[in-house]
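Whatever order the structure lists ligands and atoms in, that order sets their numbers, starting from 1.
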Amino acid sequence: MARILVVSNRVAPLSEGQAPTGGLAVGVLGALKEVGGIWMGWNGEIARESGTPLAQQDSGAISLITWPLSQYDYDTFYRGFANSVLWPVFHFRTDLLHYRDEDYEGYKRVNRIFAERLQRMARPGDLIWVHDYHFLPLAQYCRELGMQHKFGLFLHIPFPSDQVFRTIPHHADLARAMAAFDLIGLQTSDDLQAMRDYYERHLGAACSHDTLVLNGKATRLGVYPIGVCPEDIQALSREHRNSRESIKLKSGLQHRRLIISVDRLDYSKGLVERFRGFERLLDTRPRFRGQVSFVQIAPPSRADVHGYRSLRRLLEQTAGRINGRWTELSWTPIRYMNRSFDRATLMSFFRASQVGLVTSLRDGMNLVAKEYVAAQPEDDPGVLVLSEFTGAARELSEGALLINPYDTAGMARALRSALDMQSAERRRRHEIMMDVLRKNSLTAWRERFIEDLGGI
Ligand SMILES: O=P(O)(O)OC[C@H]1O[C@H](O[C@H]2O[C@H](CO)[C@@H](O)[C@H](O)[C@H]2O)[C@H](O)[C@@H](O)[C@@H]1O
Ligand SMILES: O=c1ccn([C@@H]2O[C@H](COP(=O)(O)OP(=O)(O)O)[C@@H](O)[C@H]2O)c(=O)[nH]1
């Protein structure tokens with residue numbers, strides 16, 4: 001079997017017990033654990049120069065090769081073009097687009113540094129699997145260095161509509177460079193359709209349902225919804241159900257029912273809308289006052305990027321206002337925590353809760369939704385209330401209660417239905433969702449992508 005060389009900006013810590021940042025790191029780590037490979041990326045640190053020193057860490061069959069970024073590259077590549085242009089636009093937030101020429105230059109420079117590293121590291125026959133919007137031109141730069149490998153790109157975030165994508169300065173250059181990949185994987189068929197539309201309408205590419213041809217070069221397109229390992233999560237949540245943290249959570253609840261949400265503190269996650277939905281539940285259904293607690297775990301993310309700091313302030317105000325209005329001596333409605341938890345603890349929290357609430361305004365997939373389902377006890381599962389604007393909603397629509405996060409009253413109604421749902425109905429829905437999770441597992445995601453890339 002060919003060796004797999006993975007490139008992503010964010011990599012997961014290899015040591016047990018540390019909370020990884022975001023679903024990409026969780027997903028790639030899980031996928032590589034099974035087959036091994038080399039994983040290259042940023043070590044999360046700032047140094048004098050990007051790319052050195054290079055560190056290698058081995059764990060089982062995975063070799064992690066990481067390096068720092070210079071302050072300037074971090075500012076222009078990561079904070080700048082990646083997270084102030086591509087991230088907001090791909091999440092349909094053109095109002096948050098902040099473009100600067102120097103950021104675009106930095107983005108291209110860091111991509112060239114990664115291309116050079118990759119060239120030194122790759123052996124003939126390696127399959128190169130690149131992840132996410134940080135590296136749209138990477139395959140193009142590698143080709144310019146003479147690399148003839150098979151390059152695959154998996155985009156973890158949504159692909160926006162043609163009109164929205166065109167708000168990115170230099171969008172056509174980026175899209176032409178992306179066509180240097182042999183395979184581009186997307187989370188949903190909507191994303192694939194949007195990408196195809198752009199190439200067809202704007203660049204005049206010839207597109208069939210799974211291939212686009214631009215200037216004589218063919219790129220395969222495919223839908224590969226990222227998944228989880230349901231059995232591992234089930235086992236983890238069972239084993240840790242009486243962990244210290246889990247017992248602390250339960251004793252704080254004093255037998256009240258629990259709604260739980262876990263997200264990076266990001267404007268794409270619909271956190272403010274969610275707080276308002278919970279407030280509406282308390283407003284309109286007095287019987288839930290004092291009876292239901294809402295725990296929001298929201299580790300800070302990209303705190304130095306435009307839009308994130310003001311979101312944090314708004315959330316603090318909103319949670320403070322709602323708690324100020326409803327808190328009783330023995331009950332706090334919202335417990336809002338800006339910290340992360342390790343995976344095992346999170347899964348035990350999911351197991352202890354009656355409702356998992358996901359309200360993203362746009363989300364490539366949302367692994368938390370899938371993890372919530374997998375962590376439930378089969379005989380008494382909780383209910384997933386899920387935004388229709390997540391990739392996960394495309395797979396879990398039969399088992400979850402789907403909501404539009406902009407519809408506050410609708411969200412409150414869904415929360416009420418979830419809290420009132422009878423056990424038989426909960427079990428029925430849970431079974432349907434578990435079947436989907438088993439079918440579209442993390443293993444299936446990796447196998448299908450790598451098989452398709454290898455077969456090109
Ligand atoms: O690396 P950061 O800037 O700290 O951000 C964390 C990651 O956020 C995004 O995750 C996405 O990938 C998930 C798994 O496929 C998906 O479920 C989720 O919908 C996406 O938002 C981002 O795409 C990653 O590059 C970041 O590492
Ligand atoms: O305190 C935390 C918060 C989140 N996560 C994990 O981070 C991932 C978040 O992925 P998701 O796809 O939901 O969203 P993203 O952050 O990638 O946009 C999930 O696996 C969570 O279990 C974690 O391990 N600890």
**Q** Heavy-atom distances under 4.0 Å are what count here, so tell me which part of V26 touches ligand 2: side chain, backbone, both or neither.
**A** side chain

**Q** For residues S348 and S246, report the shortest heavy-atom separation together with the two atoms involved.
**A** OG-CB, 3.6 Å

**Q** Are R196 and Q193 close enough that a side-chain donor and a side-chain acceptor fall under 3.5 Å?
**A** yes

**Q** Could you check which of V262, D263, D132, V368 puts a non-hydrogen atom nearest to atom 4 (C) of ligand 2?
**A** V262

**Q** Based purely on interatomic distance, does F341 place a nitrogen or oxygen under 3.5 Å from a nitrogen or oxygen of ligand 2?
**A** yes

**Q** Can you name the closest pair of heavy atoms from S397 and L402 and give their distance?
**A** CB-CD1, 3.8 Å

**Q** If you measure every N/O of D363 against every N/O of ligand 1, is any gap under 3.5 Å?
**A** yes

**Q** List ligand 1 atoms under 4.0 Å from Q187, heavy atoms only on the residue side.
**A** 15 (O)

**Q** Taking the minimum heavy-atom distance to atom 14 (O) of ligand 2, which of H156, K269, M365, K370 ranks first?
**A** K269

**Q** Side-chain donor-acceptor pair under 3.5 Å between D190 and T188, yes or no?
**A** no

**Q** I need the atoms of ligand 1 closer than 4.0 Å to a non-hydrogen atom of G23, numbered in the order shown.
**A** 13 (C), 14 (C)

**Q** Minimum distance, heavy atoms only, to atom 7 (C) of ligand 1: which one of R302, H134, R79 is it?
**A** R302

**Q** Does any N/O atom on S340 come nearer than 3.5 Å to any N/O atom on ligand 2?
**A** no

**Q** Heavy atoms only: which of W87, W42, F154 lies closest to atom 21 (O) of ligand 1?
**A** W87

**Q** Which option, N9, D132, L24, D266, owns the non-hydrogen atom nearest atom 22 (C) of ligand 1?
**A** D132

**Q** Compute whether any side-chain donor of one residue and acceptor of the other, for R426 and Q376, lie under 3.5 angstrom apart.
**A** no

**Q** Taking the side chain as every heavy atom from C-beta outward, state whether Y141 and F135 have any pair of such atoms under 4.5 Å apart.
**A** no

**Q** Using heavy-atom distances, let me know which of A12, G23, A298 sits nearest atom 9 (C) of ligand 2.
**A** G23

**Q** Name the option, out of H131, H156, R10, that contains the heavy atom nearest to atom 11 (C) of ligand 1.
**A** H156

**Q** Please say whether the positively charged group of R312, taken as NZ for Lys or CZ for Arg, lies over the ring of Y308, i.e. under 6.0 angstrom from the six-membered ring centre and within 45 degrees of the axis.
**A** no

**Q** Check ligand 1 against G364 and write out every atom of the ligand that is under 4.0 Å from a heavy-atom position of the residue.
**A** 19 (O)

**Q** Let me know which of W87, F81, F90 forms a ring-ring contact (aromatic ring centres under 6.0 Å, His included) with Y133.
**A** W87

**Q** Going by the order shown, which atoms of ligand 2 are within less than 4.0 Å of some heavy atom of L346?
**A** 2 (C), 3 (C), 4 (C), 5 (N), 22 (O), 23 (C), 24 (O), 25 (N)

**Q** So is there a nitrogen or oxygen of R264 less than 3.5 Å from a nitrogen or oxygen in ligand 2?
**A** yes

**Q** At less than 4.0 angstrom from any non-hydrogen atom of Y78, what atoms of ligand 1 do you find?
**A** 2 (P), 3 (O), 4 (O)

**Q** Show the nearest heavy-atom pair for residues Y99 and V85, with the distance to one decimal.
**A** CA-CG2, 3.9 Å

**Q** Determine, for E451 against R448, whether the closest basic-nitrogen to carboxylate-oxygen distance falls under 4.0 angstrom.
**A** no

**Q** Mind checking the CD1-NZ spacing from I456 to K150? Nearest 0.5 Å is all I need.
**A** 7.5 Å

**Q** Polar contacts were defined as any N/O atom of the residue lying under 3.5 Å from an N/O atom of the ligand; does this apply to I157 and ligand 1?
**A** no

**Q** With backbone taken as N, CA, C and O and side chain as the heavy atoms from C-beta onward, which portion of V26 lies under 4.0 Å from ligand 1: side chain, backbone, both, or neither?
**A** neither

**Q** Will you find, in the side chains of Y336 and N323, an N or O donor that is under 3.5 Å from an N or O acceptor?
**A** no

**Q** Output the list of atoms in ligand 1 that are nearer than 4.0 Å to some heavy atom of I226, sorted by atom number.
**A** 15 (O)

